[in-house]
Novice: 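Here you go, one structure.
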Amino acid sequence: MHIAKKWIYAKPFVDEPTLDNFQLVEEPVPELKDGEFMIRAHYLSVDPYMRIYMLASPTGSTMIGGQVGQVIESKHADFPVGAYAFAQVGWRTVSVCDPAKFETRKPYVLPELGSLPVSLGMGALGTVGNTAYFGLLEICQPKEGETVVVSGAAGAVGSIVGQIAKIKGCRVIGIAGTVEKCEWLREIGFDGAINYKEENIEQALRQLAPDGVDCYFDNVGGRTSELVQGQMKQFGRIAVCGTISMYNASEPTRVADPQLTFVWKQLVQEGFSVHRWTDRWFEGVHQNLQWIQEGKIKVRETITEGFENMPRAFIEMMKGGNVGKAVLIRRRYSTGTTVARKWIYAKTFKGEPNHGNFRLETEPLPTTLQKGEFLAEAEYLSVDPYMRPYMLAYPEGSLMIGGQIARVTRSENDHFPVGASVFGQFGWRTHTVCDPDRLEKDKPYVLPDFGTLPKSLGLGILGMPGNTAYFGLQELCQPKPGETVVVSGAAGAVGSVVGQIAKIKGCRAIGIAGSEEKCAWLRKIGFDGAINYKRNDVYGELKQAAPKGVDCYFDNVGGSVTETVLKQMNVYGRIAVCGAISNYNSAVGKVTDPQRQFVFKQLRMEGFLVWRWNDRWLEGIEGNLRWIREGRLVYEETITEGFERTPDAFIDMLRGGNTGKAVVKVRPRTKMVLARKWMYVKRPEGEPKVTDFSIKEEELPALEAGDFLVETEYFSLDAGLRGYMELGALPVGSPVVGMTLAKVIESKNDKFPVGVVVCARLGWATHAVFNQQKQKELQPYIVPHVEGHSRAIGLGPLGLSGNTAYFGFLEICKPKRGETVVVSAAAGAVGSLVGQIAKLKGCHVVGLAGTEEKCAWLREIGFDAVINYRVGSVREQLAELTPRGVDCYFDNVGGELTELVRERMNLYGRISVCGAVSSYNGKPASVMDPQRDFVSKQLRQEGFVVFRWLSRWMEGIEQMREWLEQGKLVHRETVYEGFETAPNSFINMLRGDNIGKAVLKV
């Protein structure tokens, strides 16, 4: 149950408000109902309008007003937990909101503000900013060159009105009440400022606006307005926003009747409340945000700290004590380097996690700590399999759970001194303020002295995974010397320790893992046997490795592996169930009911969570630490560097990419990135040679705004590159061009966060810095993930090759159902896709390729007929296989083959010319002049480069992705390995060594 504090209107205002007008009370916050959300105030607004509006409210009412807070509980899909929202809920710390019950001023989630403080959601990027934006532009409608006067100009609204008027090309004069305020107005661009307390407004205004005033934005009323109206021009416009001069007076101020002025000058005056533009609210917010980001609007806040000081902040604002927006902060938060970054569970896991499941947010940290608190800065984060099922119990918007090793940087707790290294269940966040006394469980603790061992072990063998192994094996399995212990998930953080402890206890240890590399490591650290379950003979290999059966089974996996091990358990066997990795990313698989084994073998199976041994926690750590120092326990870590790559590390760990414990080092190495790239140094004569290329190294610059740094995983090997070299389109001395699939490893671009995989025209290089705005041709784009396919599809069907096939065939050939399509180089990256697209369009497809293996593969993927152009007469085979002639020809080759196909073309046939492989390594072949065929058959032939469809690039990618997911397209890759092998691999590809897409894995 939450308890809310709130300020109530205790006594009616008479003249200037006093502290007696307010009373602080508490009340319980009700449980949420469907459609509601709960918000905890971070910033609260104090505004002049509250003074007059509250006169209509009975005493005992909650003081009115807006606030920006964080959603802490939610049963409303539009208000996820963790989001920052604006709500008109008054002066209170915790509130329950049902947006449907708000007739006006409905709550809303703040737009993404980047590095700007969320308090602006009440000011320049909220009601205040919109009051200025719509009030000035819709009512005053200022024109370039006009003179605009603003009263209350140093306030929240007035200061923005003046700056918008400047943006619109006006001359702006502000009226304010102190020298300091007037100086600030000049700083932010006002052309003149009048201190109404020390200057004669009439004379000063006549001097600053000798031609008169066109627009007046009035926040004040009274004598000030009378004087400004006297200097208005013909057809002047007045927007009446407030009447501050009268808020604290018991009687309205009396002024000269302005009627005559309005008649003779034909003035227009209109009062307004900003909520008349509710339907355009975000137009104003986004425009003001853009102006702030461009530096055209500057904002200032007068911040009072402490909810208990709300009345004082209000009273001071009413006296004119604020400059800019008057804001109260419940507790002061830093806007400097101690802003925490945190990963949010943005979307419920379904199947394998992906980057769309996570969202990176920031959170302000308090500048002062309360008694018992300490501030911890994360050094290492843990990523563990249990997080996958556990997070399903959390609502979207929750902080990702997990342990971390952190360093105490500030402290008001003697047990956690500055400089101490601590373990805490703080989740995926960079900084945490913690008061251990407020935690019922998962209390943080100071790490024991590890000596020269790395602190990251506190997340692994000397932390939760180590204790899971230590207690889970010894307490549940209770292994005896000579017994056989089997461990699944054996190369993971827990399993690798379990097997070694079993060896320490005199047992025979057999591990089950998912790769030969992992199995080799298990044998290296002392396992007696290791089984790669992906060889699909776990039963037979286990029978051989454990001929006397299995006494203890430490199970991290479940599923079919467990079913197989249970069949070989001995009588009185013991099974410790630690995890169920086989089911985390998919539906629970079905296995044979093990009931019979449990009865006749009298087996004992027990599941556990390591927290049951919390009272013995340090016993496990000290035991494992002792064995490490004795050389009886060894460990391995898979370390991912950079907080931004935490989701990447998590996803990779669930795929089995780690050996030992998977951890994230929050701060990556700061050394300069050295990129290597292949240069084109000599023009080939005939077939290219390795000596036509050389490697160059260069240091990459630090990132600027909008930049992102990528690390290459694959680059494309394309026959078209040889054509570029031959034609001189790639000058000697240039970097080798080509498409690249790369992972973002550092970013200052929100569209390309760390961890995403992008396709870009980087060429044969290991690293590059990109700025999307500076790319002239193909913009980098994030490659969609397709289940069951390697990432390299981003260079094939979901990249340049796919779009070459998609647009080059459909836009130029325009195939019709029932037509005959011929494709040359049909077993290549482009040709194989063209043929399959033609089949999808209902065509009869004939492919030309150069080996029997390639021809066989083309038949497998659905080509109706295939010709090995190196065997027999191509002319005769074409005549036999295209009895009704050829309607469309997708030509990757040129030369004699093209001549033979053209003979078979029908009237109005279409030829799409994609490449000229036959000419790349030598002089163009001599062929018959095709003029007669073109005239008599009215053929249409069109060459193309795929970049002509840049504006529709993602259309092709999305359609190819859809066909892949539907199983309508088959893709094949020939993968060459090693950056240094690039020239040789390219030469082999030109010789026809590849089937499907040729890529190089860096």
Side-chain angles (χ1 to χ4, degrees), residues 1-2 40 72 81-82 331 338 340 342-343 345 363 365-366 368-387 389-391 393-394 398-450 453-472 475 493-494 578 608-625 646 661 663-664 666:
M1 173 72 73
H2 292 274
R40 175 181 286 134
I72 56 174
V81 171
R331 188 173 176 190
T338 51
K342 59 184 181 179
W343 281 104
Y345 181 49
E363 174 187 308
L365 294 171
T368 58
L369 298 179
Q370 297 179 359
K371 186 66 175 176
E373 293 181 335
F374 64 89
L375 174 63
E377 181 179 4
E379 295 185 334
Y380 296 92
L381 303 179
S382 183
V383 287
D384 301 283
Y386 77 83
M387 297 172 180
Y390 272 44
M391 287 308 301
Y394 287 77
S398 300
L399 175 71
M400 281 296 298
I401 60 174
Q404 62 172 248
I405 301 298
R407 182 174 58 87
V408 177
T409 58
R410 287 190 282 130
S411 182
E412 292 292 331
N413 189 317
D414 293 340
H415 298 295
F416 293 86
V418 172
S421 292
V422 300
F423 171 86
Q425 289 288 348
F426 301 147
W428 292 9
R429 52 184 297 132
T430 57
H431 297 79
T432 305
V433 172
C434 178
D435 183 348
D437 290 339
R438 296 180 187 171
L439 301 176
E440 295 181 6
K441 59 179 183 177
D442 297 336
K443 290 182 180 290
Y445 58 86
V446 175
L447 293 184
D449 184 9
F450 290 171
L453 295 172
K455 287 184 286 187
S456 56
L457 297 189
L459 297 176
I461 197 169
L462 298 179
M464 183 271 290
N467 276 359
T468 301
Y470 182 90
F471 292 111
E475 296 295 319
V494 174
C578 178
F608 73 97
L609 297 176
V610 70
W611 315 118
R612 72 161 78 168
W613 294 286
N614 264 345
D615 59 334
R616 297 169 58 191
W617 197 258
L618 290 179
E619 172 196 328
I621 292 177
E622 289 165 359
N624 286 336
L625 179 57
T646 307
K661 180 71 187 89
V663 298
V664 175
V666 173

Novice: With a 4.5 Å heavy-atom cut-off, do Tyr445 and His415 have their side chains touching?
Specialist: no
Novice: Any salt bridge (charged side-chain N to carboxylate O under 4.0 Å, His left out) pairs touching residues 460-472, not counting sequence neighbours?
Specialist: none
Novice: With a 3.5 Å distance limit and no angle check, can you tell me whether Gln404 reaches the backbone of Gly427 through a side-chain donor-acceptor pair?
Specialist: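 Yes: the side chain of Gln404 pairs with the backbone of Gly427.
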Novice: Check step by step if side chain to side chain contact (heavy atoms under 4.5 Å, CB included) holds for Glu373 and Asp435.
Specialist: CA-CA 4 Å; Glu373 293 181 335; Asp435 183 348; 3.9 Å; yes
Novice: For salt bridge (charged side-chain N to carboxylate O under 4.0 Å, His left out), just list the numbers for Glu475 and Arg612, CA-CA rounded to whole Å, side-chain angles, deciding distance to a tenth of an Å, and then say yes or no.
Specialist: CA-CA 11 Å; Glu475 296 295 319; Arg612 72 161 78 168; over 6 Å; no
Novice: Could you check if a side-chain atom of Pro436 sits within less than 4.5 angstrom of a side-chain atom of Phe374, using non-hydrogen atoms only?
Specialist: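 Side-chain contact under 4.5 Å: yes.
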Novice: Counting only heavy atoms not in Asp615, do more than 12 sit closer than 6.0 Å to its CG atom?
Specialist: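 Counting neighbours around CG of Asp615, more than 12 heavy atoms of other residues, nucleotides or ligands fall under 6.0 Å, so yes.
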Novice: Given side chain to side chain contact (heavy atoms under 4.5 Å, CB included), test Tyr386 with Ile401 step by step and report yes or no.
Specialist: CA-CA 10 Å; Tyr386 77 83; Ile401 60 174; 3.9 Å; yes
Novice: List the residues meeting ring pair (Phe, Tyr, Trp, His ring centres under 6.0 Å) with Phe471, not counting sequence neighbours, and say none if there are none.
Specialist: Trp613
Novice: Within this structure, what is the CG-CD distance for the pair Asp442 and Glu440, rounded to the nearest 0.5 Å?
Specialist: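 So the gap between those two atoms works out to 10.5 Å.
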Novice: Return yes if some donor-acceptor pair links the side-chain N/O of Ser411 with the main-chain N/O of Phe416 below 3.5 Å, else return no.
Specialist: yes
Novice: Would a distance-only check, ignoring hydrogens and angles, find a side-chain to backbone donor-acceptor pair under 3.5 Å from Asn467 to Ile621?
Specialist: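 Such a contact is found between Asn467 side chain and Ile621 backbone.
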Novice: Could you tell me whether Lys661 and Asp384 have a side-chain N and a carboxylate O separated by less than 4.0 Å?
Specialist: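 Yes, this pair counts.
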Novice: Check whether Trp343 reaches the backbone of Arg429 with its side chain - one donor and one acceptor, N or O, closer than 3.5 Å.
Specialist: no
